[in-house]
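Quick note: numbers below take in every heavy atom, side chains included, and nothing from hydrogens, waters or symmetry partners.
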Amino acid sequence: MEEQKENVPQQVEEKTEARAVSLPGKQRCRFDGQEDDKKKSTSGSSDFSDPVYKEISLTNGYINRMSRDELRTKLAEFKLDTRGVKDVLKKRLKNYYKKEKLMQKQPTDGENYYDYICVIDFEATCEEGNQPEFTHEIIEFPVVLLNTRTLEIEDTFQQYVKPEINPQLSDFCINLTGISQDLVDKADEFPKVLQHAIDWMKQKELGSKYSYSILTDGSWDMSKFLNIQCRVSRLKYPSFAKKWINIRKSYGNFYKVPRNQIKLSTMLEKLGMDYDGRPHSGLDDSKNIARIAVRMLQDGCELRVNERLHGGLLLTVSSSAPVEGAPAPQMSRYR
């Protein structure tokens with residue numbers, strides 16, 4: 001629902017810049033200050049006096065001076081993806097070396113990360129030039145289940161939703177989303193669809209056997225669309241959806257891109273990928289967001305919860321907070 005989303009201003013929380021060890025066969029260059037020691041404090045109790053971090057920093061300076069062709073050649077040597085703009089390629093190479101060097105020092109603990117990521121991108125009722133008082137109602141509920149170990153989409157859920165307040169879709173909404181009036185007329189209302197989504201997530205043993213987090217393209221899916229829909233449907237906001245990964249914020253912090261320049265199409269473009277499917281289809285959008293998440297994980301980004309809803313307010317979650325999975329999904333009670 002990208003046309004209806006806005007970038008909610010948030011303080012950008014810089015994560016520790018990825019570092020790399022020296023490039024084999026290349027002269028080491030002086031660390032150029034682009035990734036300075038001020039960021040080291042975000043990595044908890046790690047001992048940055050260890051010589052490995054000096055090696056990583058020296059190599060970062062060398063990578064910063066490489067041309068795009070040199071970056072692509074080096075990435076190809078290691079059978080890494082060579083697509084993307086120059087800044088993306090630099091980040092990818094730095095994180096490869098960082099991971100390789102730190103794994104030699106101490107193997108990473110994969111147990112401290114989510115087993116799954118649930119990508120959700122709602123479609124909602126809309127009008128051309130929405131008035132402030134317009135009430136958006138969810139009309140498509142998709143979930144894409146991404147396995148963080150295999151980096152594969154394991155399964156998907158999708159159901160359309162019958163709106164209550166504005167049951168007649170606008171021509172603008174139909175043309176934008178590709179969702180016909182007939183589809184929503186035949187669909188269940190939101191409480192029943194939410195129950196179906198929760199049942200599907202329970203079948204996947206999310207929050208019980210497997211840890212997971214929700215991931216969205218921006219803040220609006222949870223803080224606005226789901227929040228409004230729960231009020232319309234007289235449901236309490238579901239506890240499992242109170243925290244999520246805003247991939248726009250993660251992307252901006254990781255690749256150092258201003259937040260106001262980030263949207264789904266530009267993220268794909270900068271990563272060297274084309275959109276797959278129909279834009280503004282909730283399920284297709286979710287699949288493409290999952291593709292971006294996969295590329296970011298491959299590039300060394302630890303996608304983690306960075307936003308939450310508390311008392312109806314959208315809040316930032318600190319990057320130093322522990323990695324905690326969402327609770328097992330439960331159906332919301334009626335108000």
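- Annotation: side chain of H196 is in contact with side chain of D188 (closest heavy-atom distance under 4.5 Å).
- Side-chain atoms of S57 do not come within 3.5 Å of backbone N or O of K54 as any donor-acceptor pair.
- Contact detail for R259 and N253: the closest heavy-atom pair is NH2-OD1, 4.3 Å.
- Of the possible polar contacts, one joining the T148 side chain to the Y114 backbone as a donor-acceptor pair under 3.5 Å is found.
- Listed for the R291 side chain is a donor-acceptor partner under 3.5 Å among the backbone atoms of D274.
- Using a 4.5 Å cut-off between side-chain heavy atoms of Ile, Leu, Val, Met, Phe, Trp and Tyr, with links allowed through other members, F190 and I165 fall into different hydrophobic clusters.
- In K86, the NZ atom is crowded: over 12 heavy atoms of neighbouring residues, nucleotides or ligands sit closer than 6.0 Å.
- E307 and S219 share a donor-acceptor pair across their side chains, judged by distance under 3.5 Å alone.
- The CZ atom of R308 sits 9.5 Å away from atom OG1 of T316, with the distance rounded to the nearest 0.5 Å.
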Practice prompt. Test F240 against M201 for side chain to side chain contact (heavy atoms under 4.5 Å, CB included), laying out the working first.
Written response: CA-CA 11 Å; F240 72 91; M201 294 171 74; 4.0 Å; yes

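- Side-chain contact check for Q229 versus E137: some heavy-atom pair is nearer than 4.5 Å.
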Discussion item. Side chain to side chain contact (heavy atoms under 4.5 Å, CB included), that's the test. Do L264 and I292 meet it? Break it down for me.
Written reply: CA-CA 9 Å; L264 178 55; I292 294 169; 3.4 Å; yes

Practice prompt. Starting from the C-alpha separation in whole Å, work towards a yes-or-no answer on side chain to side chain contact (heavy atoms under 4.5 Å, CB included) for S170 and E128.
Written response: CA-CA 8 Å; S170 68; E128 191 168 13; over 6 Å; no

Worksheet item: Could you go step by step and tell me if L145 and Y212 meet the side chain to side chain contact (heavy atoms under 4.5 Å, CB included) rule?
Response: CA-CA 10 Å; L145 187 66; Y212 76 103; over 6 Å; no

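- The shortest distance between side-chain heavy atoms of L89 and R68 falls below 4.5 Å.
- A241 and L226 make their closest contact through CB-CD2, 3.8 Å (heavy atoms, listed as atom of the first residue, atom of the second, distance).
- Using the six-membered ring where Trp is involved, W200 and F157 have ring planes that are tilted, between 30° and 60° apart.
- Under the 4.5 Å side-chain heavy-atom criterion for grouping Ile, Leu, Val, Met, Phe, Trp and Tyr, I198 is not connected to Y160 through any hydrophobic cluster.
- Distance alone, capped at 3.5 Å, places no donor-acceptor pair between the Y275 side chain and the E269 backbone.
- The minimum heavy-atom distance linking S286 with V144 is given by the pair CB-CG2, 3.6 Å.
- Proximity of F225 to T216: side-chain heavy atoms (C-beta onward) are nowhere separated by under 4.5 Å.
- Cluster annotation: Y237 is not connected to I228 through the hydrophobic network of ILVMFWY side chains, with a link wherever side-chain heavy atoms come within less than 4.5 Å.
- Between I179 and E123, the closest side-chain pair of non-hydrogen atoms falls below 4.5 Å.
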For residues 325-333, run the donor-acceptor check on the side chains, cut-off 3.5 Å, and write out each pair with its distance to 0.1 Å, sequence neighbours left out.
from : atom 1 : to   : atom 2 : distance (Å)
S332 : OG     : K236 : O      : 2.8

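- In this structure, I262 and G252 approach most closely via the heavy-atom pair CD1-CA, 3.4 Å.
- Across every non-hydrogen atom of T125 and N166, the tightest pair is CG2-O, 4.3 Å.
- Residues I63 and Y96 form no side-chain contact, since every pair of their non-hydrogen atoms from C-beta on lies 4.5 Å or further apart.
- By the side-chain hydrogen bond (donor to acceptor under 3.5 Å, both in side chains) test, N147 is found to be paired with E154, residues two or more places apart in sequence or in another chain being considered.
- Judged as a salt bridge (Lys or Arg N to Asp or Glu O under 4.0 Å), the pairs with a partner in residues 169-186 (not counting sequence neighbours) are, in order, D182-K186.
- I139 and F172 are assigned to two separate hydrophobic clusters, defined by single-linkage of ILVMFWY side chains at heavy-atom distances under 4.5 Å.
- In this structure the side chain of F254 never reaches within 4.5 angstrom of the side chain of L303, judged on heavy atoms.
- With hydrogens and angles disregarded, no donor-acceptor distance shorter than 3.5 Å links the side chain of D284 to the backbone of P279.
- Around the NZ atom of K204, the shell of radius 6.0 Å holds more than 12 heavy atoms that belong to other residues, nucleotides or ligands.
- Between K74 and E77, at least one side-chain nitrogen of the basic residue sits less than 4.0 Å from a carboxylate oxygen of the acidic one, meeting the salt-bridge criterion.
- Under the 4.5 Å side-chain heavy-atom criterion for grouping Ile, Leu, Val, Met, Phe, Trp and Tyr, L151 is connected to I245 within one hydrophobic cluster.
- Residues Q158 and E140 are in side-chain contact: their nearest non-hydrogen atoms beyond the backbone lie under 4.5 Å apart.
- Between the E70 side chain and the S67 main chain, a donor and an acceptor come within less than 3.5 Å of each other.
- Annotation for L194 and L235: closest pair CD2-CD1, 4.0 Å, computed over non-hydrogen atoms.
- With respect to the salt-bridge test (charged N to carboxylate O, under 4.0 angstrom), the residues R295 and D81 qualify.
- Note on K202 versus D199: no salt bridge recorded, every NZ/NE/NH1/NH2 to OD/OE distance being 4.0 Å or above.
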